[in-house]
Structures are given as structure tokens and as C-alpha cells.
**Q** 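Okay, handing you the structure first.
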2 protein chains.
Amino acid sequence: MVSGNTVAEIASLLGDAARANMLSALMGGVAMTAGELAQVAGVTAQTASGHLAKMVESGLLAREKQGRHRYYRLASGEVAQLLDALMLVAANAPARHRPLGPRDDALRRARSCYDHMAGRLAVALSDAVQARGFLILEEGVGLLTEEGERFFAAFGLTLRPPRSGTRPLCRACLDWSERRMHLAGQLGAALFDQCLARGWVARIPDSRSLRISRAGELGFARHFGLAEDWDRPARPGEWRGMQPASPA
Amino acid sequence: MVSGNTVAEIASLLGDAARANMLSALMGGVAMTAGELAQVAGVTAQTASGHLAKMVESGLLAREKQGRHRYYRLASGEVAQLLDALMLVAANAPARHRPLGPRDDALRRARSCYDHMAGRLAVALSDAVQARGFLILEEGVGLLTEEGERFFAAFGLTLRPPRSGTRPLCRACLDWSERRMHLAGQLGAALFDQCLARGWVARIPDSRSLRISRAGELGFARHFGLAEDWDRPARPGEWRGMQPASPA
DNA sequence: GCGATGCTTCGGCCGAGGCCGAAATGTCGA
DNA sequence: TCGACATTTCGGCCTCGGCCGAAGCATCGC
């Protein structure tokens with residue numbers, strides 16, 4: 001099995017706590033220096049350097065030199081999707097020991113996921129635009145309606161025009177913390193950009209968490225009609241969404 | 001980073017050659033006994049047993065007892081998608097040493113991918129139904145047109161009815177060997193089932209490869225209008241499809 | 001029951017690989 | 001050119017985990 005060994009090689013790179021922490025941090029979507037990554041991984045600079053070299057060589061990371069710093073970022077969207085799939089499986093793994101600190105709750109509330117948003121905020125936004133008939137999410141896949149196209153255009157998003165005679169499609173991504181679908185693909189990325197540009201959300205340095213500004217709270221409520229209690233964590237057993245959690 | 005460690009735990013399970021080979025084999029979509037898996041992994045029964053126990057405990061595999069055999073299968077579609085994402089990244093990793101035997105070429109021609117088909121055949125079928133306007137693939141996502149719905153219904157596929165007022169959506173999956181999109185999701189699964197039922201393709205025991213019967217060759221040509229040369233491996237640089245290989 | 005077969009548990013061996021200290025290389029600012 | 005800082009290379013230590021032989025359970029056919 002030719003691919004078996006290559007698969008194992010790549011996977012074993014993800015299978016080390018230090019490297020996994022680096023990659024998780026880079027899922028935030030911003031490039032980081034070797035030193036910063038050493039810190040998030042909790043190892044010395046020289047150890048981190050070795051890890052980073054391996055990941056670059058295997059095509060997981062891209063390196064960019066800038067002065068005496070080296071910036072690292074995920075090499076491609078495919079790597080980001082791999083990490084996403086991995087986090088989803090990991091999050092659903094048998095409970096074991098879950099520290100689940102306050103830091104973790106911030107991540108569950110709103111975080112960046114490579115080029116789009118994830119967490120309760122992202123799920124609430126997806127629900128809201130679905131409820132208003134702007135978007136249909138189904139089977140990990142989204143379809144923008146005609147009204148939805150107008151709505152997002154009015155919001156300032158520019159989307160690549162779809163194949164003639166159809167509505168634009170977008171990817172939907174199963175949120176590992178919420179087990180619910182949220183917007184991804186080009187629509188998700190454009191939405192994230194616009195929210196950043198408006199100052200509704202901001203990246204928190206050295207973290208994947210997002211801070212939601214006062215303007216953001218108002219804006220999400222006014223423009224998207226987010227319910228008052230969108231930020232309340234779902235109670236166990238409560239079913240706020242429409243999609244089943246998982247395909248067969 | 002709470003999820004970092006869990007992520008590393010899961011990934012390190014995939015990061016061993018023996019386990020990766022077992023999981024690759026199970027991507028074929030059929031359950032296998034512990035003994036068979038030991039064989040594909042190239043280890044003794046007792047070693048395999050240990051590996052399998054770990055993977056069941058972590059939620060990667062499901063075990064089913066049947067007489068004195070234990071059958072193992074992937075625990076969920078999410079695990080299958082994780083493996084798929086991993087194979088895609090692995091396949092695009094820097095060349096290194098590629099044995100690339102005849103066995104590998106059979107895989108590239110037609111194989112099962114958990115619940116649907118992959119390889120050149122699957123890509124050619126996707127291309128064909130797209131060319132005839134039955135389906136639109138875009139950004140990892142597919143949309144069935146009205147004619148497409150009729151076409152697949154006439155072919156014998158029963159699809160879950162879509163949300164009212166829309167066409168059915170389906171997932172598209174980036175083929176690791178062809179770097180092109182192929183049909184996945186419920187449509188891909190239903191299509192695979194139907195092809196198996198008609199005897200157009202058959203699973204090759206202990207392999208993910210699929211055998212295409214004479215009836216299949218005729219059927220694919222007649223019903224789907226597959227070109228004569230669909231099975232010719234793409235020449236380097238040649239671009240037969242319409243989708244770019246990868247999003248940003 | 002009894003042996004054959006499939007699978008698992010136990011114990012010990014051993015190699016791969018992560019870790020750090022020390023030192024080398026590169027780059028910036030003065 | 002020099003010192004400070006970011007990063008990498010080298011070398012040696014040490015733990016973790018995969019591997020197998022032997023033995024222990026379970027199940028089937030007789």
C-alpha cells in the first residue's frame with residue numbers, strides 16, 4: 001500500500017503534542033514566528049526549530065523569511081481542512097479528562113478557523129441567515145438563495161460569480177465545538193474579512209479566539225437578527241438547529 | 001490548549017504505519033476481521049490486536065463480534081473524512097520515494113472511498129454528468145439540476161428529498177490520486193450502491209480497488225456517455241476538468 | 001468434551017525520536 | 001564592527017511505544 005506509509009508519515013507529524021499545538025495555533029489564520037510557536041508549544045527554541053523544519057519539509061507549513069524572523073503559516077487550505085477534520089474527530093472522542101478551562105470557553109464562543117469564523121457565533125450566524133431564507137445548508141454544503149445573494153452583497157461581500165444560471169454554492173464545515181454546521185468556503189472567508197474590516201470582531205493576539213466588539217454585538221443583532229441569547233451555551237439535549245450532527 | 005493534546009493523541013494513532021495501513025484498508029467501506037487487518041498491516045495477530053484495541057477505545061473504529069471473529073470498521077463518516085483529508089495531503093507531499101506499483105495503478109483507476117467511488121472512473125463520471133448539465137460542482141460542493149434529478153431517478157437512485165423549493169445538494173470530495181473533484185455525499189453513496197447492484201463494478205477482496213465489469217464499461221458509456229479514453233491516465237500538464245485543483 | 005482456530009494479555013527487548021545545553025549562523029541597530 | 005537577538009545545528013540523554021514469543025480465553029465443528 002504505497003499511500004499507507006506516506007499517510008503515516010504525515011500523521012505522525014501531527015501526532016506530537018508540541019507540533020499539534022503549533023498547528024492549532026496556526027489554524028487561527030495568521031503567520032507566526034518560530035519563537036512564538038516555540039512558546040505556544042511549550043518547548044525551547046531549538047526543539048521548535050527542529051519540529052518546524054520537519055513540517056516545512058513535508059509540505060504542512062510554509063516558511064517566509066522576514067528580517068531576522070521566520071514566519072510560518074499553514075501551507076494550504078487542504079492542510080487546514082485536515083486539521084479541522086482531526087479536531088472534529090478528537091472533540092468527539094470518548095470524554096477522558098477534559099480540563100475545559102475559561103480559555104477553552106473563549107474558543108468555543110468565537111474563534112477563527114483558518115480563513116473563516118467558527119464557534120457559537122459562527123453557528124448562530126449560519127442559523128440566522130438560514131432562518132431568513134438567505135442560505136440553505138444541507139449535507140455539509142450551502143446554497144445561497146437569490147435574496148441571500150442580495151443580502152450579502154448589500155453587506156459588502158464580493159463573491160466570485162457562480163456558473164451561469166445557478167446560485168453560488170459554499171462549503172459548510174462541521175464545528176468541532178458545537179457539532180453544528182457553520183459557513184465556510186469563499187462565503188465564509190468573505191464574511192470573516194468583512195467583519196474584521198468593520199471592527200465587529202478582532203483577533204486576540206497569540207490565540208485563535210476572537211473578541212466581539214460592542215459594535216459587533218449591535219451589528220450582528222441588527223443586520224443578521226441574531227437572537228438575544230445566541231451566546232448562551234446550548235443545554236444538553238437541546239436542539240437549536242436543523243441539521244443532524246453527522247451523515248451516516 | 002485543551003484540544004491540542006487530544007488532537008495529538010488521535011493523530012499519533014494514525015501516525016503508525018501498521019495502523020495507517022489498517023485504516024486505509026477499512027476506507028474500502030467493508031468491515032474486516034482482526035486477522036485480515038493483521039495481514040494487511042504486516043504484523044502478527046497479537047500486535048494487531050493491540051492496535052485495534054487502541055483505535056476502538058479512541059473512537060476511530062467500531063467493533064462487531066460475530067462468532068469467533070471480530071469485525072472492525074471505521075466508526076463514522078467523520079473518521080472517513082479525516083482519512084480522506086490525510087490522504088490528500090499525503091499525496092501532495094513532496095515526492096520522496098514513490099514505488100508506484102501496478103497495485104497502486106489499480107487503485108488510481110477505480111476504488112471505493114468509504115461509501116462512494118473514487119479514482120479516474122469516479123472523476124470521469126463526475127465530469128460526464130457535469131458536461132450534460134445534470135450537476136454543477138463548485139468549491140467542493142455539488143448541486144443537482146432538475147434534469148439531473150430526473151436522470152439519477154431514472155437510473156434507480158432514491159435520494160432524500162431536498163428542502164422545499166431547492167434542488168438537492170451533494171458533497172464533492174477532492175480525489176487524492178487525481179486531484180480533481182468527484183461525487184460524494186448521499187448522491188455519491190447512492191450511485192455506488194446502484195453500480196454495485198447492477199454488477200457494473202465489484203469490490204476486489206482485501207483491497208480498496210474496484211473491478212469494472214464488461215457490463216459496467218458498456219453501461220457507463222451508454223448511460224453516462226463516458227468518453228472512450230476515460231481510462232487513459234492524464235498526461236502531465238493536461239487539464240481535462242473544469243475545477244481548479246484547490247481553493248486558496 | 002476435545003482439538004483447531006481466532007483473538008487477546010503479559011512480559012521483555014529495542015529502536016526511533018523528542019528534549020535540552022552548548023555553540024554556530026544570520027540579521028539588525030548603532 | 002560590535003553586541004543583542006532570532007534561529008539553527010550538533011551531541012547526548014532518556015522515555016515512549018511498537019514488536020514478538022508464550023501463554024490464556026473464547027468459539028466452532030465434531
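Keep in mind that this is a model prediction, so the values were computed, not measured. Lettering of chains follows the sequences in order, A, B, ..., and the numbering in each one begins at 1. Because only heavy atoms are used, hydrogens play no part in the values below, and waters and symmetry mates are left out as well, while side chains stay in.
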**Q** Using atom CE of A:Met55 as one end and atom C1' of C:dG18 as the other, report the distance to the nearest whole Å.
**A**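 Whole-Å distance recorded here is 13 Å.
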
**Q** Would you sort out whether A:Arg214 and A:Glu217 count as a salt bridge (charged side-chain N to carboxylate O under 4.0 Å, His left out), showing the intermediate values?
**A** CA-CA 5 Å; A:Arg214 187 76 194 116; A:Glu217 285 181 22; 2.8 Å; yes

**Q** State, with a plain yes or no, whether a side-chain heavy atom of B:Leu121 is found less than 4.5 Å away from one of B:Arg109.
**A**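 B:Leu121 vs B:Arg109: side chains apart.
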
**Q** If I take atom CD in residue B:Glu36 and atom C1' in nucleotide C:dT5, what distance separates them, rounded to the nearest angstrom?
**A**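 Whole-Å distance recorded here is 14 Å.
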
**Q** What's the verdict on side-chain contact (heavy atoms from CB on, under 4.5 Å) for B:Arg111 and B:Ser177, showing C-alpha distance, side-chain angles and the deciding distance?
**A** CA-CA 10 Å; B:Arg111 65 179 178 276; B:Ser177 62; 3.1 Å; yes

**Q** Should B:Leu60 and B:Leu13 count as side-chain neighbours, where that means a heavy-atom distance under 4.5 Å?
**A**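 Counting from C-beta outward, B:Leu60 and B:Leu13 do come under 4.5 Å.
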
**Q** Decide yes or no on salt bridge (charged side-chain N to carboxylate O under 4.0 Å, His left out) for B:Glu64 and B:Arg70, but give the supporting numbers first.
**A** CA-CA 6 Å; B:Glu64 215 161 319; B:Arg70 303 261 167 111; over 6 Å; no

**Q** So, do B:Leu191 and B:Phe155 sit near enough that their side-chain heavy atoms are less than 4.5 Å apart?
**A**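 A side-chain contact exists here, since the closest heavy-atom pair is under 4.5 Å.
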
**Q** Run the side-chain contact (heavy atoms from CB on, under 4.5 Å) test on B:Arg171 and B:Gln81 for me, step by step, so that the C-alpha distance in whole Å, both residues' side-chain angles and the decisive distance to 0.1 Å come before the verdict.
**A** CA-CA 11 Å; B:Arg171 211 165 63 79; B:Gln81 284 187 40; 3.8 Å; yes

**Q** Calculate the interatomic distance between A:Leu13 atom CG and C:dG17 atom P; express it in whole Å.
**A**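 Taking CG of A:Leu13 and P of C:dG17, I get 10 Å after rounding.
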
**Q** If I take atom CD in residue B:Gln39 and atom P in nucleotide C:dG6, what distance separates them, rounded to the nearest angstrom?
**A**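 Answer to the nearest Å: 11 Å.
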
**Q** Starting at atom CG of A:Leu52, determine the distance to atom P of C:dC19, rounded to an integer number of angstrom.
**A**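 Rounding to the nearest Å, CG of A:Leu52 and P of C:dC19 are 12 Å apart.
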
**Q** Heavy atoms of chain B, cut-off under 4.0 Å: which first and last nucleotide of DNA chain D, 5' to 3', fall inside that, if you could look?
**A**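 Here the contact window of chain B covers D:dG18 to D:dC28.
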
**Q** For a quick check of understanding: with a heavy-atom distance under 4.0 Å over all strands, which category does A:Ala45 fall into, base, sugar-phosphate or nothing?
**A**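 The answer is base, as A:Ala45 lies within the cut-off (heavy atoms under 4.0 Å) of a base atom.
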
**Q** With side-chain contact (heavy atoms from CB on, under 4.5 Å) as the test, pick out the partner of B:Met55 among B:Leu37, B:Leu61, B:Leu74, B:Val79.
**A**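 Per the side-chain contact (heavy atoms from CB on, under 4.5 Å) rule, the option paired with B:Met55 is B:Leu61, out of B:Leu37, B:Leu61, B:Leu74, B:Val79.
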
**Q** Over 60° means perpendicular and under 30° means parallel, so tell me whether A:Trp200 and A:Phe220 are parallel, tilted or perpendicular.
**A**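 Taking A:Phe220 first and then A:Trp200, their aromatic rings stand perpendicular (interplane angle over 60°).
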
**Q** Go through residues 58-71 of chain B and report each residue with a non-hydrogen atom lying under 4.0 Å from DNA chain D, sorted by number.
**A**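 Correct list: B:Lys65, B:Gly67, B:Arg68.
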
**Q** Select base, sugar-phosphate, or nothing to describe what A:Thr33 touches, counting heavy atoms under 4.0 Å on all strands.
**A**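 Sugar-phosphate contact only - A:Thr33 comes under 4.0 Å of backbone atoms but never of a base.
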
**Q** Starting at NZ of B:Lys54 and ending at C1' of C:dC7, how long is that distance when rounded to a whole Å?
**A**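 Rounded to the whole Å, the gap is 17 Å.
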
